[in-house]
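For reference, the structure discussed in these notes is given below.
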There are 2 protein chains.
Amino acid sequence: MKMQERMKTPPVTLITIAEQAGVSVMTVSRALNDEGSVAAKTREKVRRIAAELGYSPNLSAKMMKGSRTNVIGILVNDLQSAVINEIIGAVSSAVRKLEMDLVIYNSIGDSDNAPSRGLGSMLQGLCDGLLLILPRISDTHLRQLEQRGLPVVLVNYWRPTDLPVVRGGNSDAAAAATRHLLQLGHRRIGFIAGSAFTGQSQERQHGYESALRGAGIEVDPKLIAAGDFGRRSGYEAASALLTAEDAPTAIFAANDEMAFGAIDAVRACGLQMPQDVSVVGFDDIPAAAHVHPALTTVRQPLAAISEAAVRELLVRITGAGGERQRVEFPSELVLRDSTAKAPGRAGSGAAPGRAGVTPVSRRAAASKTASRTVAATVTTATTAKPPVAAGAAGKRTPKKA
Amino acid sequence: MKMQERMKTPPVTLITIAEQAGVSVMTVSRALNDEGSVAAKTREKVRRIAAELGYSPNLSAKMMKGSRTNVIGILVNDLQSAVINEIIGAVSSAVRKLEMDLVIYNSIGDSDNAPSRGLGSMLQGLCDGLLLILPRISDTHLRQLEQRGLPVVLVNYWRPTDLPVVRGGNSDAAAAATRHLLQLGHRRIGFIAGSAFTGQSQERQHGYESALRGAGIEVDPKLIAAGDFGRRSGYEAASALLTAEDAPTAIFAANDEMAFGAIDAVRACGLQMPQDVSVVGFDDIPAAAHVHPALTTVRQPLAAISEAAVRELLVRITGAGGERQRVEFPSELVLRDSTAKAPGRAGSGAAPGRAGVTPVSRRAAASKTASRTVAATVTTATTAKPPVAAGAAGKRTPKKA
DNA sequence: ATGAAAGCGCTAACAA
DNA sequence: TTGTTAGCGCTTTCAT
């Protein structure tokens with residue numbers, strides 16, 4: 001016996017069921033899909049047999065006939081990213097509510113050249129529509145997608161495109177974060193930029209710069225350091241900023257990971273957090289509440305974004321109408337313990353609701369993971385009105401279960 | 001103009017190419033797949049045209065013919081889980097090396113009843129094989145899968161099954177963690193169990209109990225609390241343990257999330273970490289290094305596990321032979337700052353390499369995210385020898401980029 | 001209410 | 001080397 005034959009049950013098809021039920025294949029199809037008219041008794045019988053046999057439809061065949069598969073696809077390039085994972089989780093819930101299925105396609109590494117191969121699979125087959133999350137995809141490929149006629153919605157994409165986009169505020173919230181630092185009396189505020197793929201870093205930097213200008217402060221290019229959204233790059237950028245002449249008293253990193261790196265750098269320089277240097281991040285990934293000191297950062301309403309993205313996609317799949325090309329949700333500033341009054345200054349103001357709070361009581365609050373959120377300026381959607389009133393001032397951060 | 005017709009390019013099929021090239025469909029198929037014999041010149045031409053037209057094969061059609069799709073699927077039930085995400089990332093790399101594609105199917109919520117619907121899609125179509133990661137899947141469904149003849153490999157599954165399993169050590173590492181606490185002088189050590197789905201919590205509890213017995217300590221059921229792997233449940237379980245009579249001086253949680261909750265609970269009880277109470281977790285999720293105090297925990301070699309799982313799956317897909325039914329990798333204890341000598345005791349020993357380290361210097365070490373790892377007992381695989389020599393004592397934790 | 005036939009895009013098997 | 005035929009599982013169309 002050289003070949004140990006595996007006992008595979010031949011797949012159950014409509015034919016199998018039809019034979020068992022003594023009806024035609026077509027009747028079975030109709031019975032199972034609730035389409036056309038089938039005698040109640042027949043449908044009952046067919047369904048029972050299908051259940052008994054453990055029938056499950058062959059999606060490929062279904063799709064080949066051009067009908068809907070009820071599967072929507074997500075294309076991501078970095079499953080390690082906490083933000084992306086939160087979005088995926090939220091999308092997952094939204095999709096489930098619609099009784100549809102979700103398939104995630106990980107195109108990590110396909111930075112620019114080869115995504116078409118993988119895309120092809122999703123495209124041609126399987127899914128009715130595609131959600132692109134923080135794609136590094138090139139414009140060329142975006143256009144290819146569009147032409148295929150497969151419904152596509154971009155999530156958190158900020159570069160110019162004609163494709164529909166659902167996203168969270170960057171610029172306004174970044175400005176709010178910067179103003180928060182200004183109110184604490186900081187005058188030299190460093191910025192650590194991320195990579196440019198999705199355009200988000202640029203938006204955040206824009207908010208940072210406009211807040212400075214709004215306060216009558218010149219933007220100093222020497223205070224702007226380049227990073228790549230990774231923790232290490234945040235460490236290095238912050239180290240450079242802090243050891244340079246006329247170092248900043250506060251650092252605004254374009255994402256939380258880099259902010260973590262910046263915190264490490266502050267300590268490595270022998271400085272105290274937040275007394276000597278304040279640090280602000282962006283994203284409010286779960287770890288942001290758990291680092292020490294807990295990170296003041298900006299949170300996008302990822303659940304709302306995800307739900308809207310799915311809704312937009314569905315509208316395009318069904319052709320129901322009412323598409324929006326741009327949907328934006330305001331982000332909100334989350335105050336925690338990584339920011340404090342600028343050293344050697346009384347501070348020209350205090351954080352809302354936190355005036356006079358000493359570092360000690362701040363830390364106590366941190367241990368309970370409590371934090372307050374402050375509304376960022378509400379971004380008005382380009383072609384649609386802001387779908388939710390997110391970001392009410394003073395709203396409590398929901399505790400993570 | 002009521003209906004804004006979308007301009008969809010009709011999909012490029014073999015037929016399109018065949019017409020353009022003036023050959024038959026079959027020749028095109030052969031040319032593109034390098035199968036059969038095709039004149040070099042013809043193949044060249046066909047390929048050029050295919051490229052020009054941006055052809056990408058219809059996977060569904062391909063699969064319907066029963067040929068390989070070069071896609072492997074992952075079935076998960078919780079994309080929010082940090083552990084699962086790390087596994088997925090590692091699997092992703094492994095799959096990419098094989099020039100195959102990866103599709104993730106999120107079956108969250110399908111705890112027991114309805115996974116067949118979603119499973120069906122993956123099964124019937126799309127993928128050549130399936131990796132089940134920490135599935136909550138019922139035995140019935142497992143068996144169904146097996147019978148379909150679709151190659152399946154379970155990752156980190158601990159309940160009894162005939163299906164192939166690749167997993168990381170639980171029991172031995174949990175015993176090592178418990179012995180670590182014992183060496184620090186702790187005698188009353190609480191255990192917070194997780195949910196029972198994958199059998200992992202039971203394994204960890206088993207290690208905990210056997211270590212206690214090995215030290216001649218009776219297992220006290222009152223020291224064992226039930227959780228569900230969520231942070232909140234860890235908080236509640238730890239609160240209960242700490243406020244009970246004869247409270248433990250150390251708590252071993254079956255995963256990091258619950259350990260975080262336990263740390264919160266310790267503080268909420270007005271106790272100091274780690275002077276009054278030591279806490280140990282399991283998993284070493286990224287956040288474990290960033291909480292305060294940094295968490296002593298157990299790390300599974302997820303990269304090795306993932307690679308082995310993919311390899312096992314591929315072996316089954318190709319029928320190349322050399323299958324292993326059980327592959328296990330030893331896990332290792334990661335010492336950080338959440339564990340210290342038992343209060344009011346000299347301690348019957350000290351953690352390897354950390355004797356005499358005061359809390360102060362411990363915290364300093366934490367800020368650099370430095371940690372040491374200690375080998376857990378090596379678990380010998382059931383039907384195969386341990387594939388890697390993971391867990392050398394004293395090995396440095398690789399710094400996260 | 002039910003059935004028969006055709007065909008989606010592709011490839012295995014045979015034919016030329 | 002190339003082409004023809006058939007059919008994968010399903011649904012749409014047109015009959016009955």
Side-chain angles (χ1 to χ4, degrees), chain A residues 8-47 50 53-71 120-126 128 148-149, chain B residues 8-46 50 53-71 120-126 128 148-150:
Chain A
K8 40 174 98 179
T9 311
V12 182
T13 75
L14 288 192
I15 301 176
T16 329
I17 303 175
E19 284 169 354
Q20 293 262 338
V23 293
S24 80
V25 189
M26 208 43 234
T27 306
V28 178
S29 171
R30 282 195 269 253
L32 295 177
N33 293 319
D34 256 334
E35 254 167 62
S37 21
V38 184
K41 214 186 83 185
T42 316
R43 180 168 54 233
E44 198 80 5
K45 184 178 181 185
V46 167
R47 291 209 161 152
L53 267 46
Y55 168 78
S56 72
N58 184 323
L59 257 203
S60 307
K62 225 171 187 153
M63 159 268 140
M64 271 192 57
K65 292 301 293 180
S67 64
R68 281 182 49 187
T69 58
N70 273 329
V71 173
S121 5
M122 307 288 291
L123 274 179
Q124 309 275 354
L126 207 57
D128 295 333
R148 301 261 188 182
Chain B
K8 39 173 99 180
T9 312
V12 182
T13 75
L14 287 192
I15 302 176
T16 328
I17 302 175
E19 283 169 355
Q20 293 262 339
V23 293
S24 80
V25 188
M26 204 48 227
T27 306
V28 177
S29 170
R30 282 195 270 252
L32 295 177
N33 293 318
D34 257 334
E35 252 166 62
S37 21
V38 184
K41 213 185 82 182
T42 315
R43 181 169 52 233
E44 197 82 5
K45 185 178 179 182
V46 167
L53 268 45
Y55 168 80
S56 72
N58 183 324
L59 257 204
S60 309
K62 226 173 185 150
M63 159 270 139
M64 270 191 59
K65 292 300 295 182
S67 63
R68 278 183 53 187
T69 58
N70 272 328
V71 173
S121 5
M122 308 289 291
L123 274 180
Q124 309 274 356
L126 207 58
D128 296 333
R148 301 262 188 181
L150 183 82

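- In this structure, B:Tyr55 reaches the C:dC10 phosphate: one of its side-chain N or O atoms is under 4.0 Å from OP1 or OP2.
- For the side-chain contact (heavy atoms from CB on, under 4.5 Å) test with B:Arg43, the passing option among B:Leu32, B:Thr27, B:Asp34 is B:Asp34; the others fail.
- OP1 or OP2 of D:dT2 sits under 4.0 Å from a side-chain N or O of B:Thr42.
- Atoms CD1 (B:Ile15) and P (D:dT4) sit 13 Å apart, rounded to a whole Å.
- In this structure, A:Asn58 places its CG atom 14 Å from C1' of C:dG9, rounding to the nearest Å.
- Checking C:dC10, D:dT1, D:dG9 against every side-chain atom of A:Ala61, the shortest atom distance belongs to D:dG9.
- Contact between A:Ala31 and A:Val38 at its shortest, heavy atoms only, is N-CG2, 3.8 Å.
- Rounded to whole Å, the distance from CD on B:Glu35 to P on C:dC10 is 15 Å.
- A:Ile17 has its CD1 atom 12 Å from the P atom of D:dG9, to the nearest Å.
- Neither OP1 nor OP2 of D:dT2 sits under 4.0 Å from any side-chain N or O of B:Thr27.
- Rounded to an integer number of Å, the gap from B:Asp34 CG to C:dT11 C1' is 15 Å.
- Phosphate contact (OP1/OP2 of C:dA4, side-chain N/O of A:Ser24, threshold under 4.0 Å): absent.
- When rounded to the nearest whole Å, the span between CE of A:Met26 and P of D:dG9 equals 16 Å.
- Regarding B:Leu14, its CG atom lies at a distance of 16 Å from the P atom of D:dT2, rounded to whole Å.
- The nearest whole Å value for the distance from the CZ atom in A:Arg30 to the P atom in C:dA4 is 11 Å.
- The CG atom of A:Leu53 lies 6.5 Å from the CD1 atom of A:Ile17; values are rounded to the nearest 0.5 Å.
- The CZ atom of A:Arg30 sits 11.0 Å away from atom OG1 of A:Thr42, with the distance rounded to the nearest 0.5 Å.
- Taking side-chain N and O atoms only, A:Asn33 has a distance below 4.0 Å to OP1 or OP2 of D:dT11.
- Between C:dA13, C:dT11, C:dT2, one nucleotide has an atom nearer to the side chain of B:Ser29 than all others, and that is C:dT11.
- At a threshold of 4.5 Å between non-hydrogen side-chain atoms, the residues A:Lys41 and A:Lys45 do not count as touching.
- Nearest nucleotide to the side chain of A:Ser37, out of C:dA1, D:dT1, C:dT11: C:dA1.
- Taking 4.0 angstrom as the limit, B:Thr13 places none of its side-chain polar atoms (N or O) nearer than this to OP1 or OP2 of C:dG9.
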